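Take a look at the structure set out below.
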Amino acid sequence: MVKGQPPTQADVVVLGGGPAGLAAAIAARQVGLSVVLVDHARFPIDKACGEGLMPDGVAALRSLGIELPPTRSAPFRGIRFVDGELEAEAAFAKGCGRGVERPELHRLLAERAQALGVIACWQSDAQVMASNLVAVDGRSVHCRWIVGADGLQSRLRRHLEIAPHWQGAKRIGLRRHFRVAPWTDLVEVHWSEKGQAYVTPVTADRICVAMIDDSASLRFAELDRYFPELARRLRDADPIDVPRGSLSTSATWRRVTQNSFALVGDASASVDAITGEGMALAFRQALALAPALVSGNLDHYEKAHRRLHRKPMIMARLLLLMGRHKRLRRLVLRLLAAQPRLFERLLALHIGGKNPVDRSLCLEAF
C-alpha cells in the first residue's frame with residue numbers, strides 16, 4: 001500500500017488508519033463523500049486482539065463491501081465456556097462468526113478503501129489546525145468534517161477536551177498464533193482465577209490464543225498452571241509468532257461529537273475484550289456516522305452511538321463480574337450447561353437479533 005499525497009480539499013479527514021478509521025473512511029465514501037485518511041504508522045497495522053468477529057460483525061463488514069476469503073479466515077458457529085470440568089456452549093441463532101488474523105483484516109479494509117478512492121496517507125503526521133483544517137505533513141487540507149479514530153489515547157479527543165463519563169479497570173491482553181487444526185467449530189473462552197483465555201480459529205490450520213488478566217504477570221509459559229485443558233490441546237502445536245500485548249478496558253465519554261468533529265472506535269468508547277464485540281462496534285459506528293455526515297446533523301450519530309454501546313457495556317460488566325467471583329461464575333456455568341437454550345437466547349441478545357447471514361452458510365463450511 002503506497003503512501004498517498006493529500007489533496008488540498010476533502011469532505012472528510014479521518015485521523016487513524018486502524019480498522020475503525022478504515023471503516024469510517026469506507027462508509028463515508030459509500031455515501032459519496034471524499035475522504036483523506038492519515039496515520040503515522042507503517043502499513044499494515046497489527047494489534048493484539050482475539051481476532052474473532054461475531055455474526056453481527058461479519059454482517060457489518062459485508063455492509064462495508066468486504067467478504068472474508070474462506071482460505072484466509074475460519075467460521076465458528078458459537079461460543080463455549082470452559083472452567084475446569086465445567087463446560088457450557090451455545091450456537092448462534094442466525095449466521096456464524098469468522099476468525100481472521102488482524103493484519104489480514106486490515107489489508108482487506110485498506111484495499112476496499114483504496115478501491116473506493118480513499119486517499120490514504122501512511123507514515124504521515126496530522127495536526128488539527130481548526131474545525132475545518134488539518135495539516136498533513138505540513139500540507140493544508142480543508143474539510144467539512146474531522147473524524148478521530150486514533151484509539152484509546154486519542155489525541156483528537158484530548159484536543160477537544162471531552163471528559164470521560166466512566167472508565168473501568170484496565171486489563172492486559174496477550175495474543176499468540178499456533179499452527180494446529182482447530183479442534184472445534186466454536187470460539188472457546190477458558191476461565192480461571194488468572195483471567196480468561198480465548199481460542200479462535202483463524203484458518204484451517206491455525207488458531208489465535210488471547211489471554212487477558214488484570215495484571216501484567218500472565219505469561220504463555222503459565223498455561224499449564226491456569227488453563228490446563230488448553231495447555232494440553234497446545235502441547236504439540238507449534239507457536240508461529242512471539243506474544244503481542246495490548247490494553248483492554250471499558251470506557252465511555254460524555255460526547256462523541258463536537259461541532260465538525262466525530263469520534264469512532266476506541267477513541268469514542270471501548271468495551272472490554274471479554275465481550276468479543278470491539279470490531280463489530282467500530283464497524284457499526286462507521287455505518288451510523290456516514291449518513292449523519294451527509295445530513296449535516298451529528299446528533300443522529302450521538303444517539304446511534306449510545307444505542308449501539310448500551311448492551312455491550314452491560315454484558316462487559318456482567319462477564320467481568322463472573323471473572324472476579326469464582327463461585328458466581330461456576331454457578332452461572334452450571335446453569336448454562338443445564339439450560340443450553342437459555343445460553344443461546346442470551347448469546348442472541350448479546351449480538352443483536354437482526355443478522356442477514358444464513359446459519360446454513362456456517363454449517364456448510366464444515
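These numbers come from a predicted model, not from an experiment.
- Residues Glu277 and His350 bring no donor and acceptor atom of their side chains to less than 3.5 Å of each other.
- Arg176 places no side-chain N or O within 3.5 Å of a backbone atom of Ala210 that could act as its donor or acceptor partner.
- For His106, the ring-ring contact (aromatic ring centres under 6.0 Å, His included) partners two or more places apart in sequence, or in a different chain, are Phe43, Trp122.
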**Prompt:** For Arg329 and Glu193, what are the C-alpha separation, side-chain angles and deciding distance, and is it a side chain to side chain contact (heavy atoms under 4.5 Å, CB included)?
**Reply:** CA-CA 11 Å; Arg329 178 175 70 249; Glu193 63 190 72; 5.6 Å; no
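- The minimum heavy-atom distance between Leu263 and Arg157, with the atom names listed, is CD1-CG, 3.8 Å.
- Using a 4.0 Å cut-off between charged side-chain N and carboxylate O, Asp185 and Arg77 make a salt bridge.
- Within the 4.5 Å cutoff, the side chain of Arg155 has no heavy atoms near those of the Leu15 side chain.
- Heavy atoms of other residues, nucleotides or ligands lying less than 6.0 angstrom from CD of Glu161 number 12 at most.
- Side-chain contact check for Asn297 and Ser295: no donor-acceptor pair (N or O, by modelled atom type) lies under 3.5 Å.
- Counting all heavy atoms, side chain and backbone alike, Arg244 lies closest to Ala48 at O-CB, 3.2 Å.
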**Request:** Give the C-alpha distance, both sets of side-chain angles, the deciding distance and a yes or no for side chain to side chain contact (heavy atoms under 4.5 Å, CB included) between Val14 and Val36.
**Result:** CA-CA 6 Å; Val14 178; Val36 173; over 6 Å; no
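- To the nearest 0.5 Å, atoms CH2 (Trp183) and CD (Glu188) are separated by 6.0 Å.
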**Asked** Going through the checks in order, is the side chain to side chain contact (heavy atoms under 4.5 Å, CB included) test met by Phe283 and Leu109?
**Response** CA-CA 11 Å; Phe283 299 154; Leu109 286 161; 4.2 Å; yes
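- A distance-only check finds no donor-acceptor pair linking the side chain of Ser192 to the backbone of Phe227 [under 3.5 Å].
- The residues Lys94 and Asp56 are annotated as not salt-bridged, no charged nitrogen and carboxylate oxygen being separated by less than 4.0 angstrom.
- Between Asp125 and Arg139 there is no salt bridge, since no side-chain N of the basic residue sits under 4.0 Å from a carboxylate O of the acidic one.
- Nearest heavy-atom pair across Ala74 and Thr203 is CB-N, 3.8 Å.
- Taking 4.0 Å as the cut-off between side-chain N and carboxylate O, Asp241 and Arg179 do not count as a salt-bridged pair.
- No side-chain donor from either of Arg171 and Ser248 sits under 3.5 Å from a side-chain acceptor of the other.
- Here the closest heavy-atom approach between residue Pro7 and residue Val141 is recorded as O-CG2, 3.2 Å.
- Here the side chain of Asp11 pairs a donor or acceptor atom with the backbone of Ser34 at under 3.5 angstrom.
- At a threshold of 4.5 Å between non-hydrogen side-chain atoms, the residues Ile207 and Val209 count as touching.
- For Arg107 and Glu104, the salt-bridge test passes: some basic side-chain N is under 4.0 Å from an acidic carboxylate O.
- Remark: Glu229 engages His190, Arg232, Arg233 in a side-chain contact (heavy atoms from CB on, under 4.5 Å) (not counting sequence neighbours).
- Residues passing the side-chain contact (heavy atoms from CB on, under 4.5 Å) test with Arg341, sequence neighbours excluded: Glu344, Arg345.
- Of the possible polar contacts, one joining the Ser63 side chain to the Ala59 backbone as a donor-acceptor pair under 3.5 Å is found.
- A salt bridge does not link Glu67 with Arg98: every distance from a Lys NZ or Arg NE/NH1/NH2 to an Asp or Glu carboxylate oxygen is 4.0 Å or more.
- Contact between Ala20 and Gly265 at its shortest, heavy atoms only, is CB-CA, 3.7 Å.
- Smallest separation of non-hydrogen atoms from Ile119 and Pro6: CG2-CA, 4.3 Å.
- Of the possible polar contacts, none joining the Arg254 side chain to the Ile162 backbone as a donor-acceptor pair under 3.5 Å is found.
- One N or O on the side chain of Arg112 and one on the backbone of Leu64 form a donor-acceptor pair closer than 3.5 Å.
- Neither side chain, Asn259 nor Ser131, offers a donor N or O lying under 3.5 Å from an acceptor on the other.
- Within the model, atoms CD of Gln339 and CG of Leu346 stand 11.0 Å from one another, a figure rounded to the nearest 0.5 Å.
- Atom CG of Asp272 is separated from atom NZ of Lys170 by 12.0 Å, given to the nearest 0.5 angstrom.
- Atom SG in Cys49 sits 8.0 Å away from atom CG in Leu105 (nearest 0.5 Å).
- Within the 3.5 Å criterion, the main-chain N or O of Ala169 finds a donor-acceptor partner in the side chain of Thr249.
- Side-chain contact annotation: Glu302 with Thr257, donor-acceptor N/O pair under 3.5 Å present.
- Summarising the geometry, atom CG belonging to Leu333 is positioned 9.5 Å from atom CD belonging to Glu87; distances are rounded to the nearest 0.5 Å.
- Val82 and Phe76 fall into different hydrophobic clusters, where Ile, Leu, Val, Met, Phe, Trp and Tyr side chains are chained together by heavy-atom contacts under 4.5 Å.
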**Message:** Walk me through whether Leu108 and Leu68 qualify under side chain to side chain contact (heavy atoms under 4.5 Å, CB included).
**Reply:** CA-CA 8 Å; Leu108 291 168; Leu68 294 173; 3.7 Å; yes
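- By the criterion of side-chain heavy atoms lying less than 4.5 angstrom apart, applied directly or through intervening Ile, Leu, Val, Met, Phe, Trp or Tyr residues, Leu234 is not grouped with Leu186; the two fall into different hydrophobic clusters.
- Salt bridge annotation for Glu101-Arg72: absent, with no cationic side-chain nitrogen under 4.0 angstrom from a carboxylate oxygen.
- Between Phe343 and Leu335, every side-chain heavy-atom pair lies at or beyond the 4.5 Å cut-off.
- Leu174 and Val202 are not part of a single hydrophobic cluster, where members link through side-chain heavy atoms under 4.5 Å apart.
- Relative orientation of the His305 and Tyr301 rings is perpendicular, given thresholds of 30° and 60° on the angle between their planes.
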**Item:** Candidate pair Arg158 and Asp150, rule salt bridge (Lys or Arg N to Asp or Glu O under 4.0 Å), full reasoning
**Value:** CA-CA 11 Å; Arg158 293 198 301 269; Asp150 48 347; over 6 Å; no
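- The structure places CG of Leu156 at 9.0 Å from CD of Gln258, a figure rounded to the nearest 0.5 Å.
- Inspection of the Asn132 and His142 side chains reveals no N or O donor paired with an N or O acceptor under 3.5 Å.
- Side-chain atoms of Arg327 do not come within 3.5 Å of backbone N or O of Leu331 as any donor-acceptor pair.
- With hydrogens and angles disregarded, a donor-acceptor distance shorter than 3.5 Å links the side chain of Glu51 to the backbone of Arg102.
- Under the 4.5 Å side-chain heavy-atom criterion for ILVMFWY residues, a single connected hydrophobic cluster contains both Leu319 and Leu347.
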